[in-house]
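Below you'll find the structure, written out as structure tokens, and then a few comments.
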Amino acid sequence: MSFPLLTATAALPAIGAIATAAVPAARRTAAKWLALLFSLATLVLAGIVLARFEPGGARYQLTESHAWIKDFGVRYELGVDGIGVALLALTALLVPFVMLAGWHDADPLETKSSRWRPTQGFFALILMVEAMVILSFEATDVFLFYILFEAMLIPMYFLIGGFGDRAHSGSDENAAAQRSYAAVKFLLYNLAGGLIMLAAVIGLYVVAGTFSLSEIAEARANGSLSMATSTERWLFLGFFFAFAVKAPLWPLHTWLPNAMGEATSPVAVLITAVVDKVGTFAMLRFCLQLFPDASKWATPVILVLALISIVYGALLAVGQRDIKRLIAYASISHFGFIILGIFAMTSQGQSGATLYMVNHGISTAALMLVAGFLITRRGSRLIADYGGVQKVAPVLAGTFLIGGLATLSLPGLSPFVSEFLVLVGTFSAYPVAGIIATTGIVLAALYVLVLYQRTMTGPVKADVRGMADLKVRELVVVLPLVALLVFLGVYPKPLTEIVNPAVQHTMSDVHKKDPQPEVEAAK
């Protein structure tokens with residue numbers, strides 16, 4: 001029996017979470033280093049998974065399958081395709097940076113409302129989220145995926161509600177109330193989506209007699225499983241609703257600005273760069289593969305919703321006065337691009353959407369973590385409280401600028417490749433949608449450059465005058481992310497080689513081919 005590499009990659013952070021939580025309360029520093037060590041070991045295992053994955057091989061690789069609940073046909077089945085392995089690697093990469101960036105975020109405070117803040121719990125919860133997200137990218141049993149999809153909400157709820165942002169303009173009581181509201185809203189929205197998905201999961205089992213993704217796909221392919229049109233559409237809607245909440249897609253997005261605004265900056269990265277990717281990943285793995293005809297039926301409406309997300313999120317980002325909420329609304333716009341690429345049903349669009357998931361994770365992590373360092377120094381999230389930062393902290397300002405330029409998809413940085421592919425893939429199939437989506441690029445340039453201008457340039461404000469530049473720990477967090485943005489922007493081939501074969505499988509699932517250019521051959 002071969003070594004269960006996928007299980008080990010998910011189990012290691014779960015074990016680390018238990019070990020970290022068990023460290024005595026007085027040994028906070030030891031708990032931090034232990035959690036970081038487990039996250040780095042998980043990154044090593046993720047690297048091995050990536051190295052052993054063969055882009056031209058079988059669709060699902062490194063597979064594991066064991067009986068779990070025999071009476072209901074539930075199995076513990078794992079496997080990764082090119083999309084899953086890319087997102088698995090992204091998750092394992094970002095978590096160590098999240099921990100380093102939040103190194104002091106859970107240290108005890110003197111204020112009454114934060115006296116209970118346990119450092120061990122903070123780092124243990126991050127590791128638990130990592131374990132569940134990684135396993136969700138590996139799960140090929142629908143019921144197993146559903147369990148993970150819902151279970152990851154619990155540690156995220158405590159990370160948002162229990163370890164909120166300390167740079168709050170109101171009183172401690174008001175800050176605690178805002179954190180509680182954001183955490184409950186996050187939980188209720190996602191639980192509502194999950195409950196609807198549960199009904200669809202049960203319905204799928206009634207129709208197919210199994211939860212195995214590979215068995216259902218094989219039965220659909222050979223004609224032994226057929227669904228009535230209405231049944232397939234209802235099941236698709238049940239799955240898609242849950243994924244659209246997680247993604248988040250307009251109008252199911254309203255929990256995200258609250259959650260990102262009230263959470264610490266590292267936890268905000270965990271939300272939008274890691275957890276939310278499960279929603280868009282699941283659209284590719286489950287919606288398109290299990291319900292191809294319903295996916296094509298729903299495409300026009302989903303494209304409209306994606307376009308609204310792109311424009312609406314960008315417009316609200318332009319008008320924001322809070323740095324973190326601006327980044328949150330920018331992420332809503334970016335998720336609109338991802339969903340647009342998925343449902344354009346072209347190979348360029350879906351490759352771009354998958355690359356966008358990875359590159360958005362890196363760029364948002366870079367921008368949000370530097371913004372977190374900035375906010376920690378000044379003690380305020382309001383844009384108006386800053387000015388002239390580049391004169392007193394040039395390295396901080398420079399890295400903030402690079403993160404912002406990546407957010408607006410500047411050529412030469414990795415998000416540009418993703419956005420370009422999404423727009424090309426969308427325009428080739430839906431020209432009007434492609435044209436409307438380009439307005440998101442213009443608006444992104446507006447909100448990013450205005451943000452930089454108002455915070456980093458101009459006269460140095462009195463409260464900014466003594467601001468320190470980035471320290472060694474903070475540089476260790478930011479510089480590798482900046483290097484990745486540049487490397488993948490100049491040379492995206494390592495990612496595209498992994499992703500493209502999986503995209504071709506998805507295109508085959510929905511029986512779609514790329515539109516041919518309407519250009520007459522030269523005579």
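Here the side chains of I271 and I160 are in contact, with some heavy-atom distance below 4.5 Å. By the 4.5 Å heavy-atom criterion applied to side chains, F400 and T455 are counted as neighbours. Contact annotation: the side chain of I332 approaches that of P257 to within less than 4.5 Å [non-hydrogen atoms, C-beta and beyond]. Looking at heavy atoms from C-beta onward, I83 lies out of side-chain contact with R285 at the 4.5 angstrom threshold. No side-chain heavy atom of P13 sits under 4.5 Å from any side-chain heavy atom of V95. At least one side-chain heavy atom of R179 sits less than 4.5 Å from a side-chain heavy atom of E262. When side chains are defined from C-beta on, V49 counts as touching V85, because their heavy atoms get closer than 4.5 Å. Residues L413 and V486 have side chains in contact (heavy-atom distance under 4.5 Å, counting atoms from C-beta outward).
With a 6.0 Å radius and a threshold of 12 heavy atoms from other residues, nucleotides or ligands, W33 has its CH2 atom at or below the threshold. Within a 6.0 Å sphere centred on CZ of R27, other residues, nucleotides and ligands contribute 12 heavy atoms or fewer. Residue F427 qualifies as open at atom CZ: its count of foreign heavy atoms under 6.0 Å is 12 or below.
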### Query
Does the pair Q61 and D81 meet the rule for a side-chain contact (heavy atoms from CB on, under 4.5 Å), with working shown?
CA-CA 7 Å; Q61 300 179 31; D81 60 0; over 6 Å; no
### Message
Under the criterion side-chain contact (heavy atoms from CB on, under 4.5 Å), I'd like the reasoning laid out for V245 against W255: C-alpha separation, chi angles, the key distance, then a yes or no.
### Response
CA-CA 9 Å; V245 172; W255 62 267; 4.0 Å; yes
### Query
Yes or no on side-chain contact (heavy atoms from CB on, under 4.5 Å) for V184 and L188, after CA distance, side-chain angles and deciding distance?
CA-CA 6 Å; V184 170; L188 291 180; 3.7 Å; yes
### Query
Yes or no on side chain to side chain donor-acceptor pair (under 3.5 Å) for T254 and Y189, after CA distance, side-chain angles and deciding distance?
CA-CA 9 Å; T254 59; Y189 266 68; 2.7 Å; yes
### Task
Test L423 against F337 for side-chain contact (heavy atoms from CB on, under 4.5 Å), laying out the working first.
CA-CA 8 Å; L423 290 174; F337 275 107; 3.9 Å; yes
### Task
Assess whether side chain to side chain donor-acceptor pair (under 3.5 Å) is satisfied between Y452 and Q390, documenting all intermediate values.
CA-CA 10 Å; Y452 184 82; Q390 67 180 12; 3.0 Å; yes
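Under the 3.5 Å distance criterion, the side-chain polar atoms of T364 are left unmatched by any main-chain donor or acceptor of G361. In this structure, the side chain of S351 does not engage the main chain of Q348 through any donor-acceptor pair within 3.5 Å. Checking side-chain atoms of S363 against main-chain N and O of H360 turns up a donor-acceptor pair under 3.5 Å. Using modelled atom types, no side-chain atom of T20 and backbone atom of A17 make a donor-acceptor pair closer than 3.5 Å. Side-chain N or O atoms of Y356 include none that pairs as donor or acceptor with a backbone N or O of I339 at under 3.5 Å. At distances below 3.5 Å, not a single donor-acceptor pair connects side-chain atoms of K32 with backbone N or O atoms of M99. Between the side chain of T506 and the backbone N or O of A502 there is at least one donor-acceptor pair closer than 3.5 Å. Judged by distance alone, the side chain of R381 and the main-chain N or O of I375 form no donor-acceptor pair under 3.5 Å. K246 places no side-chain N or O within donor-acceptor distance of the main-chain N or O of K277, the cut-off being under 3.5 Å. Side chain of R378 to main chain of V464: no donor-acceptor pair is present (N/O by atom type, distance under 3.5 Å, no hydrogens or angles).
Here the closest non-hydrogen pair linking P480 and L475 is CD-O, 3.8 Å. Between S309 and G336 the shortest heavy-atom distance is CB-CA, 3.9 Å. Nearest heavy atoms, D385 versus S380: OD2-OG, 2.5 Å. In terms of heavy atoms, V422 sits closest to G349 at CG2-O, 4.0 Å. Residues T346 and S428 share a closest heavy-atom pair of CG2-OG, 3.9 Å. When all heavy atoms of A10 and A131 are compared, the closest pair comes out as O-CB, 3.3 Å.
Annotation: the span from L374 atom CG to M467 atom CE amounts to 5.0 Å, rounded to 0.5 Å. In this structure, CG on L369 lies 9.5 Å from CZ on F97, to the nearest 0.5 angstrom. To the nearest 0.5 angstrom, M152 atom CE is 9.0 Å from L135 atom CG. Taken to the nearest 0.5 Å, the CE atom of M368 stands 9.5 Å off from the OG1 atom of T264. One finds the CG atom of N500 at 7.5 Å from the CG atom of L355 (value rounded to the nearest 0.5 Å). Residue L405 holds its CG atom at 10.5 Å from CG of L485, rounded to the nearest 0.5 Å.
The aromatic rings of F281 and F145 lie tilted to each other, with the angle between the two planes from 30° to 60°.
Legend: residues meeting side-chain hydrogen bond (donor to acceptor under 3.5 Å, both in side chains) with S414, ordered by chain and number and at least two apart, are N359.
Checking L326, L382, I327, L451 one by one against Q320, the side-chain contact (heavy atoms from CB on, under 4.5 Å) holds for a single residue, L326.
Taking the ring centroids of F335 and H253, they lie at or beyond the 6.0 Å cut-off.
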